[in-house]
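To start, the structure under review is shown below, and the notes come after it.
When a ligand or atom number is given, it counts from 1 through the structure's own listing order.
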Amino acid sequence: MAKHIFITGGVVSSLGKGLTSASIGMLLESRGLKVKLQKFDPYINVDPGTMSPFQHGEVYVTNDGAETDLDLGHYERFTNAPLTKDCNFTTGKIYYAVIQKEREGKYLGRTVQVIPHITDEIKSCVDRLVDADTDVIITEIGGTVGDIESLPFLEAIRQFRIGKKANDVLYIHLTLIPYLRVSGELKTKPTQQSVGKLREIGIQPDVLICRAEKPIGQELREKISLFCSVPLDCVIEEKDVDFSIYEVPLVLMQQKLDEILVKKLGLAARRPNVRRWTEMLDTLRNAKAKCEIAIVGKYTGLHDAYKSITESLTHAGIANRARVAIRWIRAEEVEREGPKKLLQGVGGVLVPGGFGMRGTEGKMAAIRWARENRIPYFGLCLGMQCAVIEFARNVCGLKEANSTEFVADTPHPVISLLEEQKKITKLGGTMRLGAYPCRVEKGSRAAAAYGKEEVSERHRHRYEFNNHYRAIFEENGMTFSGIYPQADLVEIVELRDHPWFVAVQYHPEFQSKPTAAHPLFREFVRAALDGRRATTRRRTRTGTPLALKVSEPTDGLR
Ligand code: GLN
């Protein structure tokens, strides 16, 4: 029987519950256990797919096409847990299911209520992950204890323990110990109150993980233990990491959290093996080479919107023993200032996915600059569509080429909707979503990166390359090196006469891990580093000093 860990959060939001849950998953896996992770989000949207990135950050897509919370990205980067549509439920999705059952008469005339019907539905979503292969199911409850919205979820996880053995279910509460600068003190009161709130609901946390910017110390630990009724060794400190988010599991392991969990859940587990993980961190720490990648996007300044991309670039850096710095560039600024001023000196240019016309002309100007100046370019989803439009206009001579997403009656719809998409009127969950196979052409840059000709990549878009234009693009030097064979859809475009210009209709960033960088990200960063080395050599020969501006490292420092 699978054991259950429920993770709640207290005091404030944005404590890094997703990262902590992912880290716990990673630690249990390092002890040879099979884990699954799941998140409940208390908001009413059925999924984050229709929410603005400004509100929600990145929408993470699973293989089976679920549009989910970005914390699932952490789960997948830290663990090997399989992620499906059953790994993220919102209040909206829970109520939707209950209301549908009510309409089908499944409640046999009873009054449908939060308790027991909504709570039963929530518990059934946890049970869906149970199978014979899984040792531990980790369920993260979004939001903060004390919110009205999260009450049904907390009530459901309280009920979940009823009828189970004491060591089948474990509650972890992640909390904040704020530091008051004026008095120079760490304060435990908010944590006491948050645990008090949990107890009111009927949940006594088994383990407390305390986020703090300063070390908590023995005395405070004892105080927290006493006031919150949590054994001293189960008061764990999670101090801010100053180097990389990938240190978090090791910080928790140092305090024996893995051992505590294994013991409390009565699991038979081997000793932890974190060798690959520590090697990965050592590589990052010792990386000498540096390169700067420009991300030209619409939601810059809100880095959560591109979380998987920035992480993938860090992974690509690790694979190349390099530190990748990111230069964030607002696409609209490129429209105003021109690309040269903003992009000068970068090793590579990346245009990420996006929706709507705003900023697209700036993205195309940046792509043109990378194409003409032979700077490595990597386009993701909209970044591929913009590369296609730019090439149509400035190389193929189709001056007014566009996507029908931006100009419905463009004379040259090089990016357009498929017939079946034209009939769709609802926005939620109606895009081409999830994993599709892609055949990669032998001899292409993509094939060289992947090292194979059959790959599977995840999608989240409505528009496609318009096959009517394939011949004219090919005559002008663009190759279509990846195809979804069943529907003959273009998945990868490349430029032959360029050091590295690859753009993909899918989202490779969802399949990169710190210990296994995605091959296209890895090769893009390699090309950026190669370009830099070549420039350095040229400049050193002519005696011009090298102006390498490197901004902050990319791996989401906290
Ligand atoms: N807006 C484009 C489409 O729907 C691209 C989507 C994306 O970049 N994810 O096709």
Pairwise side chain to side chain donor-acceptor pair (under 3.5 Å) hits with a residue in residues 89-100, at least two apart: none
Reported CG-to-CG distance for the pair Leu418 and Asn467, which is rounded to 0.5 angstrom: 9.0 Å
For Arg522, salt bridge (Lys or Arg N to Asp or Glu O under 4.0 Å) partners two or more places apart: none
Using a cut-off of under 3.5 Å, which N/O atoms of ligand 1 pair up with protein N/O atoms, and what distance separates each pair?
unit_1   : atom_1 : unit_2 : atom_2 : d
ligand 1 : 1 (N)  : Gly354 : O      : 2.9
ligand 1 : 1 (N)  : Glu405 : OE1    : 2.7
ligand 1 : 1 (N)  : Glu405 : OE2    : 3.1
ligand 1 : 4 (O)  : Arg462 : N      : 3.0
ligand 1 : 8 (O)  : Gly354 : N      : 2.9
ligand 1 : 8 (O)  : Gly354 : O      : 3.4
ligand 1 : 8 (O)  : Leu382 : N      : 3.0
ligand 1 : 9 (N)  : Arg460 : O      : 2.8
ligand 1 : 9 (N)  : His507 : NE2    : 3.3
ligand 1 : 10 (O) : Gln385 : NE2    : 3.1
ligand 1 : 10 (O) : Arg462 : N      : 3.1
ligand 1 : 10 (O) : Tyr463 : N      : 2.8

Contacts of Asp47 that satisfy salt bridge (Lys or Arg N to Asp or Glu O under 4.0 Å) - sequence neighbours left out: none
Presence of salt bridge, Lys307 and Glu311, under 4.0 angstrom: yes
Salt bridge (Lys or Arg N to Asp or Glu O under 4.0 Å) between Glu405 and Arg462, worked out: CA-CA 9 Å; Glu405 179 180 2; Arg462 224 179 280 287; over 6 Å; no
